[in-house]
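Structure record follows, encoded as structure tokens.
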Amino acid sequence: MTLADIWPVRGVRVTTSVLELVVPGEDELAELAIHAAAGIYDPQDRFLARSPVAGWESGPSPQAEWSFLRYCWASLADWRPGRWNLVMAVKVDGVCAGVDDERRQPTS
């Protein structure tokens, strides 16, 4: 039995001819945490959606990496059919290039 058998969201993967989206495992999370701490987006971009860990790019290492990892782990742990936050690694040529973060919140 695999982890994806127990927690099916772990097996989500979207593959195109250009890139791949995967729910990150340990190796991808380590790579992405380093990107996140280095500042993977322009914090002055007022059109970017802010996440609960917005600001990790300005924190000192290793706190920035820890904040990013806690966010990813919490998103995975809090997964429910009616309310979820799907954090996926964006891979180009097998290398992590960034993160895609999609949410579904319950409607009122």
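Looking at residues two or more places apart in sequence or on another chain, you find a side-chain contact (heavy atoms from CB on, under 4.5 Å) between Asp78 and Arg80, Arg83. The side-chain contact (heavy atoms from CB on, under 4.5 Å) search around Trp66 returns Pro62, Gln63, Arg70, not counting sequence neighbours. Qualifying salt bridge (Lys or Arg N to Asp or Glu O under 4.0 Å) partners for Asp5, counting only residues two or more places apart in sequence or in other chains: none. Contacts of Ala4 classified as side-chain contact (heavy atoms from CB on, under 4.5 Å), with partners at least two apart in sequence or in another chain: Thr2, Arg10.
Of all heavy-atom pairs spanning Ala77 and Trp7, the tightest one is O-CZ2, 4.0 Å. Taking all atoms of both residues into account, the shortest heavy-atom contact from Val12 to Met88 is CG1-CE, 3.7 Å.
Residue pairs meeting the ring-ring contact (aromatic ring centres under 6.0 Å, His included) criterion with at least one member in residues 77-96, sequence neighbours excluded, are Trp79-Trp84.
In this structure the side chain of Leu86 never reaches within 4.5 angstrom of the side chain of Asp101, judged on heavy atoms.
Under the side-chain contact (heavy atoms from CB on, under 4.5 Å) test applied with Leu19, the options Asp93, Asp100, Val92 reduce to a single match, Val92.
In this structure, the separation between CG on Asn85 and CG on Leu76 is 10.0 Å, given to the nearest 0.5 Å.
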Considering only distance and modelled atom types, tabulate donor-acceptor pairs under 3.5 Å from the side chains of residues 20-33, sequence neighbours left out.
{"from": "Glu20", "atom 1": "OE2", "to": "Arg13", "atom 2": "NH1", "distance (Å)": "2.5"}
{"from": "Glu28", "atom 1": "OE1", "to": "Gly25", "atom 2": "N", "distance (Å)": "2.8"}
{"from": "Glu28", "atom 1": "OE2", "to": "Lys91", "atom 2": "NZ", "distance (Å)": "3.1"}
{"from": "Glu31", "atom 1": "OE2", "to": "Cys96", "atom 2": "N", "distance (Å)": "3.2"}

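Chaining together hydrophobic side chains whose heavy atoms lie under 4.5 Å apart leaves Leu3 on its own. Residue Met1 shares its hydrophobic cluster (ILVMFWY side chains chained together at separations under 4.5 Å) with Ile6.
Both Val90 and Val9 sit in one connected hydrophobic cluster of ILVMFWY residues. Membership requires side-chain heavy atoms under 4.5 Å apart, directly or through other members.
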